[in-house]
Structures are given as C-alpha cells and as structure tokens.
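We use all heavy atoms of the structure for the numbers below, so side chains are in, but hydrogens, waters and symmetry mates are not. Here is how names work: the chains are called A, B, and so on, in the same order as the sequence lines, proteins then strands, and each is numbered from 1.
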Number of protein chains: 2
Amino acid sequence: MKAPRPRLRDVAEAAQTSTKTASRVINGDVRVSASTRARVEQAVVDLGYRPDPLARSLRLGQDETIGVVVDEVGDPFFASVIGEIERMALDRGVSVIIASTRRLAERERIVLDGLLQRRVAGLIIASISDTHAYLRTSPCPLVFIDRAAEDLAADAVVVDDRGGARMAIEHLMRHGHRRIAYIGDRLDTATARYRLAGYRDALEAAGIAPDEDLVAEVEPAKGDAGVAAETLLRLANPPTAIFSANTRCSLGTLPTVHRLRRTDIGFVSFGDFAMADTITPAITIIEHSPELIGRLAAERLFSRLAGEDPPVETILAPLRVVPRGSGELGPA
Amino acid sequence: MKAPRPRLRDVAEAAQTSTKTASRVINGDVRVSASTRARVEQAVVDLGYRPDPLARSLRLGQDETIGVVVDEVGDPFFASVIGEIERMALDRGVSVIIASTRRLAERERIVLDGLLQRRVAGLIIASISDTHAYLRTSPCPLVFIDRAAEDLAADAVVVDDRGGARMAIEHLMRHGHRRIAYIGDRLDTATARYRLAGYRDALEAAGIAPDEDLVAEVEPAKGDAGVAAETLLRLANPPTAIFSANTRCSLGTLPTVHRLRRTDIGFVSFGDFAMADTITPAITIIEHSPELIGRLAAERLFSRLAGEDPPVETILAPLRVVPRGSGELGPA
DNA sequence: CACCGCTGTGACATCGATTACCTCGTCCGG
DNA sequence: CCGGACGAGGTAATCGATGTCACAGCGGTG
C-alpha cells in the first residue's frame, strides 16, 4: 500500500531525463536548460522527493553530521554548550551526534574513533586525554573546547583558566583572606592544572607560603568534593575561604558547607550554576558562559566546513568575577 | 602516504576469498569452514578492517543510530535523560543524534522528519505536539518520554503528572495551606494540563473553591516565571504557598521569591534541581528521576530494536514527595 | 569548410557492504 | 549407480546518489 520513498531515478523518469541531470538540478548545477530544470523541479514536487542522506554521505565520503564529545552530557556546563551547538547546527540542517567520555581517555579514543568511522563532517571535542597524535591526520576539522589540544595545531575555544583562578584568589585576598583552600578536579586534565597554577600564582605574588593541606584534588562525579570540604573545614588550622575550581565541585561542596553551618566562609566558584545567586549567601563566581563557548566553537567549525581556512587559533572566551556575597565575606 | 581505509574487498583478497564469504565471517554466518573463517579473521586483524557504517546503513536501509528529540538540550531535566540514554547507547555501539524542538510543534515536525529521512533505527521523543498521525506508519520503533502520544499506540515512559501534582497540593494542605498558587508551563503541552488538573483535583477534594488569579501559565524559557511569582505575591489576597509544576519554573520562580524576601512561603517543586536541598529553606520536591526515565525509555527502545515485541505500554516512573522544608512551612 | 570550444545531456562506473542466486562437490538413501 | 539434499563459496545485482567522460549540436573563426 504505502509507496516506497521516491528515488532520484523516479524523479528522472517522471521528468523524462537521466538521473544525472536530475541530480544536477537538485544540486544547483547551472548547466541545465530552463525547460529541463522546470520539469525536474516539477517532478520533485509531485513525488515529494527528498534525497537520501545516507546514500549521499556514502558517495561523498562524508556525513552531514558533526560530533560533539564531552565529559558527560548531563553536566550542566556541557549540556548548555551542546544546546547551543545543536541550535546552530539545526539552522544549517546539520545533525549533531553526541558522545561522552566519562573522563576516560580510553573511552575518548573509542568514541572519537567511532565518530571518525562514521565520517562526520567535523568534531567539537572537550578532550580529556593529552595525546592526540591519531587525530593529526584527521579527515575533518576539529575544534577543541574547554581544553586546548597541546600536541595538535587545532582550533580551540577556551577560557584563561590560570588567569581566572588567579582573579578568584586575588578577589578573596582583597577581602582579607590569607588561608584559602583549593578544591578542584583531578590534575590529569589540563584545565585543572592551569587553575591550580593560577591559584599558586596568586598566593606567591602575595607572598603567602603554599600549604598543601589546603589543596584538594577530587573526582566530582564520585561526590567526594563534599568529603574534601569537610576535611578542610575540620583542619586544626582551617582555611577562611574556599576556591572551587569548577561547577561540579561547587555543587558537591556547597551542600556540605551548608550542612556544617559554615556559610561564614569565603567562597568563589569557577563557573556559574543554577541557584548560585539564590542560596544564602549568594555565590561569587568566575563567569564563563557555556553558551558563548558553544557558539564560538560551532561558528569556527562551520566556517571551516564552509571552506574558509582561517589560521588555527585558540580563542579565549571572556571571564569575569561576578561578586554576589560569598566572595566578599571577610575572615572571621 | 596514508593508506586508505581497508575495504571488505581488501580483506577478501588478503584472505583469498570473495567479499561474500568475508562478509559472512564478519556477520557471523555459520556456514563457513573453519579454515576460511580463520583466514578472514586474520586478514581483518592484519588490515585493521572496520566495516563502513555508512555503506552498511545504505544497504540495510537503516542506520545504527537513534534519535532523541527533546524540548531543549540545555534543560537540566532533559540533559540528564539524554545523558542516561547516551550511556546505554554507547554500550551497544549505537550513536545518538539529538535534536531540540524549542517547544515548537512545527520544529518538531521538521526534526522528526529529518531523523526519519536519515533512517534512524529508533526514536525517543518528548513530543510537544499532539498530532502524530504522520508517525503512525513510522518505519522505526518510537518511545515517548515525559508525555505520551495520545493519538498513537506507542510506548511511553511518563510519570503520573496528575497524581503527582495532587500529592504536592495535598502535602501543602496538610501543613495548613488553603490558598495555593500554581505556576506552570503553557497549557498546550499535555504534561502541563495534567499537572494543573491534579492541582484542581486536590483543591476540589478539599472543598476549596478555585481562584483563577492563583493560576499562572508561563513560558519558563522566557524567564517570565519570576514575573508571575512577583505578581502572585503582590496580590491583595496573596497565596500562602506556591506549587511550581516543573523544574524550570522553579528555577525561574525561586530567585524572585528570595529577592522579595518571601522565603516564609510554602513551596513545592515538581522536579528536583541542583542546590534544591542547600538553599534556605530547602525545597520540598516531587521527585522523578530523569536518569530513570532515560533508562526505562532506552531499555524499551533497545528491546524493540533487538526484535522483541512486547505489547505497547505506558510505563509510569515512580514519583514521591521529598520533604525538605519549604513544603512543610505553615501559612503565616 | 574544417576545427574549436561551449552547452546540455546521458550511459556508466563508483562509494562499500549485503544478498539473491548460482555452482560445484560430496555424501546419502534407495 | 543415480537423484538430490546440503555445505561452502563465488558472481553480480543492489542500495541511492554523484563523478567521469563522451557525445551531439551549435556558433564562431581563420
């Protein structure tokens, strides 16, 4: 009963021409006479023809699809990034395949490999790994987000992690803090290393001797940020302020801070989150907009897909301190 | 320099056999002699052969990909749902294409059409539209989430919206509230209608006359939930409690409630969110786990893709009140 | 007038994998 | 000893669109 979807061949037959000419019309080739063009266009409408993207991809050796690889799709930061990328892709009729690495270099390999096998047209990657040799001959444009690829000349959209962390610490110091704790990601990601470096920069510049007891390296997915916070706050000589180096650490740490009724402590979060301005005290943040990062990355990728070939660049998304209260509390 | 990726033909040649036999080995056909099988397998390893998914899809008329269509990828609820689906898909080597409708029925049509054109193997859909006639002859299994398709016999994973809303209102009434406001989504989505119905059920069962001034229908994406909350709280005869019918409304409403220093008001949110248990007072919620919904939907879809054919079913994900403070405040 | 170049067109190969259909032995029962 | 079932494997068509290349017709040119 149900008619199978029309093929190019059917269109060609209806228009009394060859598939090649029909293909020309559809792809906007100029060298087709007006009358033939009209017949084909009519046939397309009559039959409701739509080219099969699969066949097209096979022939062209490339899929009208981009891949986005992030740590974890459910992470609010990446969810917003992806949302923005998807928005831009949809406008261009491009599909978005997403994949998450769970912060495992091995999985990253696997999903990237799969995406490349599928011949995606381009990739946006929040890489967890620090070796990308196998991407050096990538057949498609790559844009890194959140963390640049250090061993690869590829576009990246990042924030000034080191400078941002330093800004956060200096902000706390301006409000009188001298003992400031750091809670951040595992140091096997570059982002975490840079932010920790920024923290140390600021302390050193202020002539404060670093205290390793105040540096906690955690795995936010495991929920151990809260444990780290509790440990810090129970030290014999506890910090008067905490710097949380990313959103998920903040989300893990703050419930503990509140449970222990230590809302008197100074707090700055690298990255915003829902309700940050509503809890008491409201949380001072280093703001970096995931939507902006997504947009910049997608723009870059689409411009390359459109054939433009600007020099490889690492784009810095802007960063600023948004004081809301928790970062302006002085030490006891 | 760079060798092109090996094709099945290369494998066949290396194993001194035909593509057909090589294909049989790869697809696990039993009727291949042990020695031939071994040769082919060796060749596959030697050449690092990986079948081209595009070609395979074309031939099979189906892509090893599932589509997930939601309101908005950046929405925390859907982000978690997608995260869980992606997790399950990756385990099966299936890719996930995401698309968002922005709550526009027209866009929903477009993205679904695109996905169907791509011949996805299956679809998971949070539908915004209420006509799905064009999906009736869908070539692939469908699973609806969050909202069932009323005009289509298809699987769905939903929560008991009406009952859940009723639970929320009854909870507030048990703590003495009689004037309870409702803030929820536009009523052109079924979910919103059910939740509002549940709200009305509860009031009616308690013999409370409904007051339409207390019902606000908003568009959370536009940020007008906060405006609605302010309007409600400034009424001559204001409510003593607010029921927020979904997470995004809660995220929009609560900053306003706090800004107006009206944290004395009763509050229940349909749907959890980050920091809900950390703000003061902590927010009482109707809990429905997005991860669970994602998992159930994905399980259903994969079971159909595996050829199982259970009767079409609407699965109810469980729901419960999680009291945290804001829902247990009595009226002034 | 022969030749050149340009335009519009179509037959056919191609992308890489799957499959309908066929061939060739071999082994078995009758 | 023969027919036929069966196992193993090969040939070529197929999926649907696009690239290659050749060709016909036409106008201009030396």
Value in whole Å for how far the C1' atom of C:dT7 lies from CG of A:D29: 11 Å
Sugar-phosphate only, base, or nothing, as touched by B:S57 at under 4.0 Å among non-hydrogen atoms: nothing
Is there a side-chain contact between B:I125 and B:V143 in this structure, where contact means two heavy atoms from C-beta onward sitting under 4.5 Å apart? no
For the residue pair A:R92 and A:F302, would you count it as a cation-pi contact if the rule is NZ or CZ under 6.0 angstrom from the ring centre and within 45 degrees of the ring axis? yes
What's the CZ-P distance between B:R37 and D:dA8, to the nearest Å? 10 Å
Protein-nucleotide distance (A:D63, atom CG; D:dA17, atom P), rounded to Å: 15 Å
Check: A:P76 main-chain N/O paired with A:S80 side-chain donor or acceptor under 3.5 Å: yes
Does B:T21 have a side-chain nitrogen or oxygen under 4.0 Å from the phosphate oxygens OP1 or OP2 of D:dA8? no
note: B:Q62, atom CD; D:dG16, atom C1'; distance rounded to Å ~ 17 Å
Counting only heavy atoms not in B:R9 (residues, nucleotides, ligands), do more than 12 fall under 6.0 Å from its CZ? no
Strictly below 4.0 Å: does A:T17 bring a side-chain N or O up to OP1 or OP2 of C:dG10? yes
Quick one: is C:dT18 close enough that its OP1 or OP2 comes under 4.0 Å of any side-chain N or O from B:S23? yes
Distance check needed: D:dG16 P versus A:N27 CG, whole Å only. 17 Å
Exceeds 12 heavy-atom contacts within 6.0 angstrom, atom CD of B:Q16: no
Residues A:R87, B:E72: salt bridge by 4.0 Å N-O rule: yes
Check for me whether A:R7 meets the cation-pi criterion with A:Y49, that is, NZ or CZ under 6.0 Å from the six-membered ring centre and within 45 degrees of the ring axis. no
So which protein N/O to nucleotides 11-16 of chain C N/O distances come out below 3.5 Å?
unit_1, atom_1, unit_2, atom_2, d
C:dT14, O2, A:R59, NH1, 2.8

Expressed in angstrom and rounded to an integer, what is the separation of A:R31 atom CZ from D:dC21 atom P? 14 Å
Checking side-chain polar atoms at under 3.5 Å, does B:Q117 have a donor or acceptor matched by the opposite partner on B:D113? no
Walk me through whether A:L152 and A:R136 qualify under side-chain contact (heavy atoms from CB on, under 4.5 Å). CA-CA 7 Å; A:L152 202 60; A:R136 193 154 295 148; 3.8 Å; yes
Verify the contact: side-chain N or O of B:T36 to OP1 or OP2 of D:dA8, cut-off strictly under 4.0 Å; return yes or no. no
Report, one pair per line, the protein and nucleotides 24-28 of chain C atoms (nitrogen or oxygen only) whose separation is under 3.5 Å.
none

